[in-house]
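As structure tokens, the structure follows; a few thoughts come after it.
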Amino acid sequence: MKSELIVDVQPAEVSIALLEDSRLVSLQKESRSQAFAVGDIYLAKVKKLMPGLNAAFVNVGYEKDAFLHYLDLGSHYASYHSFLEQLLGPDRKRIPAISKMKLQPDIDKHGTIADQLTAGQELLVQIVKEPISSKGPRLTTEIAFTGRYMVLMPFSDKISISQKIKSTEEKHRLRQLISSIKPRNFGVIIRTSAEGKGAAELVGELKTLLQCWNDTISRAQKAKAPALIFEEESRIVGVLRDIFSPTFENVWVNDEEVKAQIEKYVSIIAPERASIVKLYSEDTPIFDHFNITKQIKSSFGKTVSFKSGAYIIIEHTEALHVIDVNSGNRAKATNDQESNALEVNLRAADEIARQLRLRDMGGIIVIDFIDMNKAEHRQELFDHMREIMANDRARHNILPLSKFGLMQITRQRVRPAMDVITTESCPSCFGKGEIQPSLLFTDVLHEKLEYLINDLKIKNFVMYVHPFVDAYLKKGLISTYRRWRMALGGSWRIVADQSLAYLQYRVIDKNRVEIDLKEEKDLESSASKSKNKAKNRVKEG
């Protein structure tokens, strides 16, 4: 299977698409200035205790108070609390050494929040679930620093090893190696990717994670709550850390700075594969070039079609996601009804597993499959769903089909589900139902080009338009586009962009910065000017 990563870097956000045999299977969007992301560490202040929930609301600086449950304090909270008292106490000049501490006994699992926290108390907390809908972030005081090969957890001496590492000899080797190099009072979780790695790589990452801890507590001592204390050096690299695999054939990036960051990261974890990171420098948008834009528009709607005319309908509610499977044109198939239902359900299961990863859907998912009478067919569908979901990195649980033909899946929800709007609003009327004549749009574009070149003196830029408009401008031997190029001069270009609506356009300068031309107002005024010119020509005639 050919796997590729495509990274689209825009001024406000970064989109990362994972392709398997040119088919989109995962899409992640990260704001370049996003706060309160999973893994971020804050110095926060307890705002209010909620004994009925056995939890506390904590001020981390977000518009909604964050939620901290008693169980999220962690079993090592007593040691953590003792350390914070020294770190944030009256004498803040000295940073206590955690390796010289005596760890306290674990707290009672069945205790109450009032036994451990008080209103106004300062805490070092980590985001474990981003703000979703009307809810604030969810927190933990079990601080963890995640690397490629291991997770470092202060206030614990335990070494845990991923269950996916099956070899007893390898487990023994890794446990001995980590126990010989880790400092006292630091726990380590060894990840699957550490299997077969040498001592130099593991020691290097452990030192990096320890430095992250030292930098974090140093900042915490000087900060005033609420304050962000630690975040990933590069949010892009943070996203890549969990999805990157050295088996990728290519990693395409359309930004030189981000390419350098990814290249540096790949050269550390897989030096022999650093050459797979490549710069995309064509004018055509990178997602259009790799046919991702079209796949996004066809995969994120309410209705998603798949093999032989069958389709699924996906509905989202606050509590759960509901998926309905329909046979569509498959109802005309020549097979008997039972075989046809099984085939549609199996293909629907493939698409649903892809959609769960693609949209990052979490919580409760209820699937209404086509009814099947035979028990062996229902078992086959259940086994098939478990098999294709095995590669899903998010924790999940699948229940067999109920007597009503419903399958229930719970899937780990850490971030809000990916919601991409696939319908397009009219850029001319904004839903009013009346627009200026489409033929006048070319006059608008020509006026914009004249304004850019003659008035603003910008001669090197790219104007992106809808593919239909691009085809119209470039049709024929002596096309409209060619005539404009000859008349206006300069090194500007017009390029198709599949993400634009029919009468939309945008302009990017040579530094990839968008030029704002206030297109909505100008479109109407330019169209009215064109009408006036036409009227004057009629009067003069």
Side-chain angles (χ1 to χ4, degrees), residues 35-46 55-56 58-62 66-89 92 95-107 113 116-117 121-130 136-160 178 182-191 205-233 235 238 241-242 414:
F36 308 102
V38 172
D40 287 352
I41 299 175
Y42 286 81
L43 181 64
K45 188 171 286 189
V46 178
V58 180
N59 179 17
V60 293
Y62 185 65
F67 184 78
L68 176 63
H69 192 270
Y70 177 83
L71 295 178
D72 291 322
L73 294 177
S75 57
H76 307 295
Y77 177 78
S79 301
Y80 159 92
H81 179 64
S82 174
F83 177 82
L84 276 196
E85 282 186 326
Q86 299 177 53
L87 181 71
L88 305 177
R92 289 200 177 195
I95 297 178
I98 187 174
S99 57
K100 296 180 181 179
M101 285 181 55
K102 181 180 179 182
L103 295 183
Q104 304 294 319
D106 293 352
I107 62 172
I113 197 76
Q116 305 296 339
L117 300 182
Q121 179 180 344
E122 286 187 326
L123 296 174
L124 206 58
V125 294
Q126 190 165 32
I127 308 288
V128 293
K129 186 181 287 187
E130 293 177 4
R138 182 153 184 168
L139 308 175
T140 181
T141 57
E142 285 191 292
I143 306 298
F145 296 89
T146 305
R148 175 70 178 169
Y149 306 124
M150 66 188 76
V151 179
L152 181 71
M153 302 185 71
F155 312 110
S156 168
D157 253 333
K158 186 178 179 182
I159 298 176
S160 303
I178 297 300
K182 82 170 186 67
R184 185 170 170 264
N185 295 338
F186 282 93
V188 173
I189 300 173
I190 302 172
R191 306 184 70 186
E205 182 166 276
L206 182 61
K207 286 182 178 178
T208 302
L209 297 178
L210 285 168
Q211 187 59 48
C212 290
W213 163 254
N214 292 329
D215 293 343
T216 298
I217 59 175
S218 178
R219 293 191 198 102
Q221 196 175 52
K222 300 171 185 175
K224 182 178 179 182
L228 175 63
I229 302 301
F230 171 82
E231 64 177 338
E232 298 283 352
E233 179 183 355
R235 205 170 288 283
R241 183 182 59 217
D242 290 331
V414 175

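Since we're looking at a predicted model, the values are computed, not measured.
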Exercise. side-chain hydrogen bond (donor to acceptor under 3.5 Å, both in side chains) with Glu85: which residues, sequence neighbours excluded?
Worked result: His81
Problem set entry | ring-ring contact (aromatic ring centres under 6.0 Å, His included) partners for Phe83, two or more places apart | Phe155, Trp213
For this session: Measure the spacing between CD of Glu122 and CG of Leu88 and express it to the nearest 0.5 Å.
Result: 5.5 Å
For this session: Just jot down the side-chain hydrogen bond (donor to acceptor under 3.5 Å, both in side chains) partners of Asn59, sequence neighbours excluded, or say none.
Result: none
For this session: Please identify each residue that fulfils side chain to side chain contact (heavy atoms under 4.5 Å, CB included) with Thr208, with sequence neighbours left out.
Result: none
Exercise. Is Tyr80 reaching over with its side chain to a backbone N or O of Leu124, donor-acceptor style, under 3.5 angstrom?
Worked result: yes
Exercise. Counting N and O atoms only, with roles assigned by atom type, does the side chain of Thr216 sit under 3.5 Å from a partner on the main chain of Cys212, one being a donor and the other an acceptor?
Worked result: yes
Exercise. Looking only at atom types and distance, does a side-chain atom of Ser79 sit under 3.5 Å from a main-chain N or O of Gln104, one as donor and one as acceptor?
Worked result: yes
Problem set entry | Straight-line distance of Lys129 NZ to Leu139 CG, nearest 0.5 Å | 12.0 Å
Problem set entry | Full working for side chain to side chain contact (heavy atoms under 4.5 Å, CB included) between Val60 and Val125 | CA-CA 9 Å; Val60 293; Val125 294; 4.0 Å; yes
Problem set entry | Set of side-chain hydrogen bond (donor to acceptor under 3.5 Å, both in side chains) partners for Asn185, sequence neighbours left out | none
For this session: State which residues pass side chain to side chain contact (heavy atoms under 4.5 Å, CB included) with Lys102; sequence neighbours excluded, sorted by chain then number.
Result: none
For this session: Report yes if some heavy atom in the side chain of Leu87 is under 4.5 Å from a heavy atom in the side chain of Pro96; otherwise report no.
Result: yes
Exercise. For the side chain of Arg184 and the backbone of Ile98, is there at least one donor-acceptor N/O pair under 3.5 Å apart?
Worked result: no
Problem set entry | Verdict with supporting geometry, Leu123 and Leu68, side chain to side chain contact (heavy atoms under 4.5 Å, CB included) | CA-CA 11 Å; Leu123 296 174; Leu68 176 63; 3.8 Å; yes
Exercise. Could you state the interatomic distance from CG (Leu206) to CD (Gln211), rounded to the nearest 0.5 Å?
Worked result: 12.0 Å
For this session: Find out whether Pro137 and Glu130 are in side-chain contact, i.e. whether some heavy atom of one side chain is under 4.5 Å from a heavy atom of the other.
Result: no
Seminar exercise, completed: Note: Ala55 and Ile113 closest approach over all heavy atoms is O-CG2, 3.7 Å
Exercise. Is there a donor-acceptor contact under 3.5 Å from the side chain of Gln126 to the main chain of Ile143?
Worked result: no
Problem set entry | Spacing of NE2 belonging to His76 relative to CG belonging to Leu103, to within rounding of 0.5 Å | 8.0 Å
Seminar exercise, completed: Sequence neighbours excluded, the answer for side-chain hydrogen bond (donor to acceptor under 3.5 Å, both in side chains) partners of Tyr77 is Gln121
Exercise. Within a strict 4.5 Å, meaning less than it, do heavy atoms of the Thr141 and Leu84 side chains meet?
Worked result: no
For this session: Determine which pairs satisfy salt bridge (charged side-chain N to carboxylate O under 4.0 Å, His left out) with at least one residue from residues 66-84, sequence neighbours left out, and list them in order.
Result: Asp72-Arg138
For this session: Measure the shortest side-chain to side-chain distance between Phe186 and Leu210 over non-hydrogen atoms and say whether it is less than 4.5 angstrom.
Result: yes
For this session: Could you pull out all residues at least two apart from Asp157 that satisfy salt bridge (charged side-chain N to carboxylate O under 4.0 Å, His left out)?
Result: Lys182
Seminar exercise, completed: Between Gly61 and Pro226 the two heavy atoms that sit nearest each other are N-CB, 3.6 Å
Exercise. Who passes side chain to side chain contact (heavy atoms under 4.5 Å, CB included) against Ser75, sequence neighbours left out?
Worked result: Asp106
Exercise. Can you name the side chain to side chain contact (heavy atoms under 4.5 Å, CB included) partners of Leu209, sequence neighbours left out?
Worked result: Phe145, Met150, Leu152, Glu205
Problem set entry | Closest heavy-atom pair and its distance - Lys45, Val58 | O-CG1, 3.5 Å
Problem set entry | Check: Leu73 and Gln116 side chains under 4.5 Å, non-hydrogen atoms | yes
